[in-house]
Amino acid sequence: MANSSRYSTKSVIKNFIEEEGGIENIHAQDFPRNEQQIRNLKRKMKDDDTDEITEILHEFDVQRNNFIRKIDIRPDFIVVLTSDQQLKDLNRFCTRHPCSILGIDPTFHFGEFDVTVTTYRNPMLQDITPGKKMLNTSPVFVGPVCVHKKKTQTYFTFFSTLIAKEKELRNMKAIGTDGEVALANASLMALESATQLRCFNHIQRNIKNKLQEIGVSKENKKIVISDIFGSLADTALRYAGLVDCLANIEFDQKLETLQEKWDTLSPDFYMWFKRHYADNFKSHVIQSVRNVAGLSRSECYTTNDNESMNSALQKVCGKNKTLPSFLKELKDFIKTQENQFSLAIVQQGHLRLKEEFQNLEVPISTWATWDPSERKKHISKVNNYIAKAKENCSRIYTPLEVTNGLSSSPDSCVIQAADPCKTHEVLQDDTRSAIRELGSTETEFCDRSLKLAWYKLEDPILGNATDMPTQCIPIMRCASTAPIWLNGTLPKNNGDVEKIKACKRGFLSCCDNEFRIDVKNCGTFNVYHLSPLSSCMGRYCTVGRAKCKPGTSSESGYEPCLKANVTFNVKPRIMPHIPATDIKAKDRNLTFRCAGSYYSYRTMTFDIKYMIDGIEIPSNTSNLSYSDILTRGALKAPDWTVTGRTLGFKLVNPQVTVFAGESAKIDIVSTVPVACFTVNNKRRDCHLRFEMHDFKEDGNDACNNSDTTKPSACGLIMDGWNWNRPTSMYVTTLRNPKYQTEYTAIVKLRCITETTDKLWKFLKVPDVKVLIRNPVTRNYYAHCMSNEDPNIHTSDGSFYSHYGIGEFVLYAHKNKSINVNVIHQPVSGTGSIIVNCAVAVQAASDVFVIYGCDKKNKWFIRRLNCDKSHGAYLDIFERNEGREYEIHLPTGTRVKVSIRPRGNLDIDVFPSTAELGNSHGLCGDFNGVRGDDFVDRNGKIISQANFKKHWSVNPIESLFVLKSRTERLSRPFFYCKCIKAAHHEFNDRADCSWKESYPLCQPKSWSPNKCYFRHKRDTSLEDEGEAFDVHVDKVVYKDVPSDVLKWKNGWNESSALDHCTKVLHESEIYKKCSAVEGLEDSLSVKGCVNDIRVSGTTDFAEQSIRAFKSSCINEVQLNTSLWRQDSKTVGSNLLDDIVENDCPNDCNVNMSKRGNCVNGFCQCFSGFAGGDCSVSTNQPPALTATFTENKCDVNKTICMEVPVFGTNFHKSQYLQCRFQQKELNHTDSGDKDTTHLLNARMISFAEIACPLPDNLRNRKRRSTDPLSPKAFLISITTTGKSFSNQMPVIIYDSACSDCEITGTSMKCNPKNNICVVEDKCYSLSSTKCENTDAKDKSKSMLWIIGAALGGIAITAIVIVVLAKLKRRNGPKRLSIPDLSQSAIYQAPKSTEYSY
């Protein structure tokens, strides 16, 4: 599909906008702005396509399934869907006369896919629904369906596939479409002999729109429409229109006679119609064409059948389903359609065979006596029946036809409805008896759901016909408080039909509500045309005997009854039962019998009641003889499945205990038999597939929200023949990062197999509780840190100084795609001070980047590849307005990153116990042993000198270089994957070890940095995420001078050690944490000493405090014993004192207190703001840069927002962006400043997103004047009064001009030798410019653009030479400033703006 226009840039952008719900929902950084981002989107679309196809192949076995007939992925995606019966129907109804027209209309969209639906009418059937019955209407059936993504070659493939499956379809008689070019061309090529019809409605609507567009009045419009489509003079005569012509020559002659008439109404319409529709009418519309297709003059083709079927499919199949589930629902829909035809054979449902086919009908009573083979044979006979051709008798002839001798007398044609005496329903219900009283505890019935039909009423005892009562009856009869009787006389003679008043009995009158019903005399019985009631209560009554009430009895069970005096001493028991296993058997579904010793009571009748969970299940198991107890007395699926309860399974071990990381064995066994079947006495496959649809581990931690796994291939397969034997599966458990000895997990299973017994469909197994024992491994040194500079404390507690420049692997998992990469670079102006300026944390395809290596105070912070196609594998929390982040990895490892005021990064990695022996990098080989940290990727110990270079990152593997990152990132992983799972089967071993543990609780003062799955409400200018790119020079490895570790400014080892120890021991955090078991201060002090050695100053001394504090907080979070409030130990209040009251920078700036720390949040003093109170509200913000380097090219992106970077930003209700726009005027040089003040959006402490004013927004590329760059200045306010410095920005089209900002000027160079076609610039070598005459030039026009940016004058001179345009075959000549057509520009001079 790579070469398909499906993946053209235009299509990719369109798809992206539609996924986001419209341009208004797209965040600036999410929108693609360069070629690489477009390629990423293309790759995502292809991956999505492949995922869909893989799932389809998984759900449907193409070789065995007679529904999916073709699946192609390349060159064009297409799925062809049709059943065997649909192909047979098209053959017998659409390839011979009288024919059914195959309608095709691709108007049904399903997400990324187009669904083209075909329809045909079944001429053997008629719809007896009221309103349709009188019309003798044949029902519309859905035909073959095509799911595709292109509308060119796929249509031809669709038709070719159908012909390959049913060769007779090449003789298709007629096809109807709405005229779509691709569809029409494909049908013409594949089905050459078919008559091509066009939809009248579409044509008429297009013509009416054209008449309205050219200003034709309403009255004149009616005249033209009647000339084309004809009109009614009265109820009997219809005047002919153009559509009624019987030959092409007649059409041409008649159209020519209309020219003068139409020209007086509208001069342009006649030529338009002749050019666009004359040939179309002659080929697809006029009467001669319709005659060939079997349509009369009064009949026309429309796509109404297709549109109604599309609507029905959308309702049945739903809007939010996946493609595989949609295909399954479609298959069920088609199966239901085919079943309706079968029901018509036995006079059931809303369809009946037409009179000429009623010899194929079988009464339901006869059908009941046939065995399955006889039934199947007859259905096959009807399904393959081909009707003989009959003359069309519905034709109406025009006066012109009669005059020209073209007509003959039409045959008479009489269509009769089926006789209700022959085709009717039967009502045989003893509760409808008019003499039966409704008991106080009995259930009341209502006929609101009764099917509209003709009914014969029968006595339930004798089976003979009975009637409705014709005299008033008391209330509370017929099992209703409002019984219905007839107030009139029944018809007396055979064939008579009477419309009789029906009365609903009320409490105060015999006829509280009345309506009429039809009654027909059929000789020996009457039939009643009964309709469902509009409201309850109410029920149609019959003249018949009533059943004996509880406590009374008779031989028949009906009145007259005597009081019963019976002692019954039987203890019944439930017995599940499968009546039969032969596939030909009528009833093979699970039933329940009420077993017991009833023989001594065999002369009595029995009422059996079934209860589930103490609730009685309504069932027809009353008045049973002894011989009926195990047959009619059985509880069948339709009775008990409607309650919403399901039966089925028990767990061999409801609770399983395992050690963390081990596999838990889960055994389930069915409590009831499975409805398996045999063929020719041989057992057929009978397996139930159970999917693990949910896996939750809580770790006894209420704040952790468990993840729910997606539908997967994890599960087990049960043999239905051995239903009472246990079946097993295994689930690998996760670890808990805290020091907890045990915690729990819940496993959920559900059945996804559809058998003939609907019991099993989506049946859920009781939850399995897994108790996980978690041996605690204490490693006090499991903390790798690099605070601002590359003084690194390894995970095992070693310390070393790493001085190298470039990108390095700080921490990486040995077996999983988990990495923490950093960039080290020297501080500007120094050669010895190396700092952390960037970090990228990766888990699978989810990458979080913090980058600040380019300009001071320009921090790029984004989450990349976090969307539906890639998945979210990182849990990220932030605080202090984006200065601090905590990233939780799937393995339980945590990475904490802080952006320091000096512009450097503190990076702390806290490995989980699951990482022991599984991680390496600059943090060392984490195995709990000091001294062996310096190892390479293969685990070999190397020297420290080689160690730092070994863990540098080759630019082709960089997480910061766009091209490298794109190639490196893999597809997302399923947390619980199946080991060696077969393509179409479940595997009973689920490995959940990708996510090895759950993260710790989110601290109070931290908020989640969520992964927004392509539905962001806020939109911005650039998709900085996937397009984020760093120059290779930033990541390539470089050595540093060898003298970097020399002591400076009089410092030595002893003096530095004394100073650092004093700073740490005098801190508040040291006083709180020094007594915590296992904490050491030596590593923190070593880092401080080394900083003094390299810098020669004490500027970095406070790092020792931060390092010690990080270690302390980590220990308190993991060690739950320190959380106890009733303990007298040192840790009794550490959770609150340290973790919950941990405020950003302790609300201090340069050791100066600016606020109070309260519950983890800084309450800033007056004059200060921000998460750590570092922002002075008395100072305005200061802007340093924009993300796009102050330019937005409308040729490459959509310009809606401008992200700006700077300092002194903070959240405020007054946060706004001010735009000083320059009005570019080509007639004078006067200044026309326009100022806009718009609400801004804070991205982080260092970034603000400024939405462009509405008149500057470029919602569509190149939607503005391509030759007029827009220049303006941006400034920010957080108070609404004082504003920041101004930042220049240009919006321009790179196809028309080149713009750059240097120093204090903005310069634009218009490009030479270009043409402008429909507001787009093209090189003269482009074919777009071929219709432009460059030689015939008009006089040049001088444009003077005057503006003043920031109070400083800006002038612009653009010389624009307009070429005259040819009138023929080319755009019309237009003058400036109308650039909607084509012009040639040669303007070598540049436009420069000073500010």
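Note that the structure is predicted; figures quoted are calculated from it, not measured.
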For N280, is there any backbone N or O sitting under 3.5 Å from a side-chain donor or acceptor partner on R198?
no
Hey, does the side chain of Q86 reach the backbone of V142 with a donor-acceptor pair shorter than 3.5 angstrom?
yes
Is there a donor in the side chain of Q196 and an acceptor in the side chain of S187, or the other way round, less than 3.5 Å apart?
yes
May I ask you to decide whether K1320 forms a salt bridge with D1293, counting only side-chain N to carboxylate O separations under 4.0 Å?
no
N209 (side chain) donor-acceptor with R205 (main chain) under 3.5 angstrom:
yes
Correct closest heavy-atom pair for K282 and N248 would be CB-OD1, 3.4 Å
Specify the closest pair of heavy atoms between K167 and A164, including all atoms of both residues, with the distance to one decimal.
NZ-O, 4.3 Å
If you define the side chain from C-beta out and look only at heavy atoms, does anything of D268 sit under 4.5 Å from W262?
no
Please report the shortest heavy-atom distance between T177 and L183, naming the atom on each side.
CG2-CD2, 3.8 Å
Between Y155 and A186 (side chain of the first, backbone of the second, donor and acceptor by atom type, cut-off under 3.5 Å), is there such a pair?
no
Between Q126 and S138, does a side chain to side chain donor-acceptor pair (under 3.5 Å) hold up when you go through it step by step?
CA-CA 5 Å; Q126 65 172 335; S138 294; over 6 Å; no
Between the CD atom in E180 and the SG atom in C199, the distance rounded to the nearest 0.5 Å is 13.0 Å
Take L90 and E166 through the side-chain contact (heavy atoms from CB on, under 4.5 Å) test and state the conclusion after the steps.
CA-CA 9 Å; L90 294 188; E166 185 69 42; over 6 Å; no
Would you find more than 12 non-hydrogen atoms of other residues, nucleotides or ligands less than 6.0 Å from K222 atom NZ?
no
Correct closest heavy-atom pair for L242 and L255 would be CD2-N, 3.9 Å
Assess the side chains of N201 and N304: does a donor N or O sit below 3.5 Å from an acceptor N or O?
yes
Between S160 (side chain only) and F156 (backbone N and O only), is there a donor and an acceptor less than 3.5 Å apart?
yes
Do R352 and D127 sit within salt-bridge range, that is, some charged N less than 4.0 Å from a carboxylate O?
no
Y301 and I104 have their tightest heavy-atom pair at OH-N, 4.0 Å
Keeping N206 on the side-chain end and H202 on the backbone end, is there a donor-acceptor pair under 3.5 Å?
yes
Classify the side-chain pair N310/E307 by whether it contains a donor and acceptor separated by less than 3.5 Å.
no
N220 and S217: CA distance, side-chain angles, deciding distance, side chain to side chain donor-acceptor pair (under 3.5 Å) verdict
CA-CA 5 Å; N220 290 340; S217 66; 3.2 Å; yes
Measuring only between side-chain heavy atoms, which start at C-beta, is V147 closer than 4.5 Å to T116?
no
Can you check side-chain contact (heavy atoms from CB on, under 4.5 Å) on K173 and C94, steps first, answer last?
CA-CA 6 Å; K173 296 301 181 184; C94 299; over 6 Å; no
Check whether any side-chain heavy atom of L197 sits under 4.5 Å from a side-chain heavy atom of H284, and report yes or no.
no
What distance do L258 atom CG and Q253 atom CD have between them, rounded to the nearest 0.5 Å?
12.0 Å
Checking the side chain of R69 only, and the main-chain atoms of L81 only, is there a donor and an acceptor separated by less than 3.5 Å?
no
side-chain contact (heavy atoms from CB on, under 4.5 Å) for M124 and R92? Distances and angles first, verdict last.
CA-CA 11 Å; M124 296 180 66; R92 59 184 180 145; 3.5 Å; yes
Backbone of N306 reached by a side-chain donor or acceptor of T303 within 3.5 Å:
no
For the pair F273 and F281, name the ring-plane relationship: parallel under 30°, tilted 30 to 60°, perpendicular over 60°.
perpendicular
Would you confirm whether the ring centroid of F158 sits within less than 6.0 angstrom of the ring centroid of H148?
no
Report yes if some heavy atom in the side chain of L330 is under 4.5 Å from a heavy atom in the side chain of L313; otherwise report no.
yes
Any idea how F141 and Y120 line up, ring-wise: parallel (<30°), tilted (30 to 60°), or perpendicular (>60°)?
perpendicular
Take C1315 and L1324 through the test side-chain contact (heavy atoms from CB on, under 4.5 Å) and record every step on the way to the result.
CA-CA 6 Å; C1315 73; L1324 285 182; 4.2 Å; yes
Between the OG1 atom in T257 and the CG atom in D252, the distance rounded to the nearest 0.5 Å is 11.0 Å
If every non-hydrogen atom of P144 is compared with every non-hydrogen atom of T82, which pair is closest and at what distance?
CG-OG1, 3.6 Å
Walk me through it: do C1321 and C1296 pass the test disulfide bond (SG atoms under 2.5 Å apart)?
CA-CA 6 Å; C1321 295; C1296 305; 1.8 Å; yes
Check whether any side-chain heavy atom of I223 sits under 4.5 Å from a side-chain heavy atom of L265, and report yes or no.
yes
Check whether any side-chain heavy atom of N291 lies under 4.5 Å from a side-chain heavy atom of V289, and answer yes or no.
no
Does T118 reach the main-chain N or O of L102 with its side chain, forming a donor-acceptor pair under 3.5 Å?
no
Got a sec: does the NZ of K221 have more than 12 other heavy atoms crowding it under 6.0 Å?
yes
Hey, is the main chain of G241 close enough, under 3.5 Å, to the side chain of D244 for a donor-acceptor pair?
yes
K274 and Q259, any side-chain heavy atoms less than 4.5 Å apart:
no
Interatomic distance, F93 atom CZ to N122 atom CG [nearest 0.5 angstrom]:
4.0 Å
Measuring from T195:OG1 to I101:CD1, what's the distance to the nearest 0.5 Å?
9.0 Å
Just wondering, do F229 and I207 contact through their side chains at under 4.5 Å, heavy atoms?
yes
Please report the interatomic distance CG(D178) to CG(D105), rounded to the nearest 0.5 Å.
5.0 Å
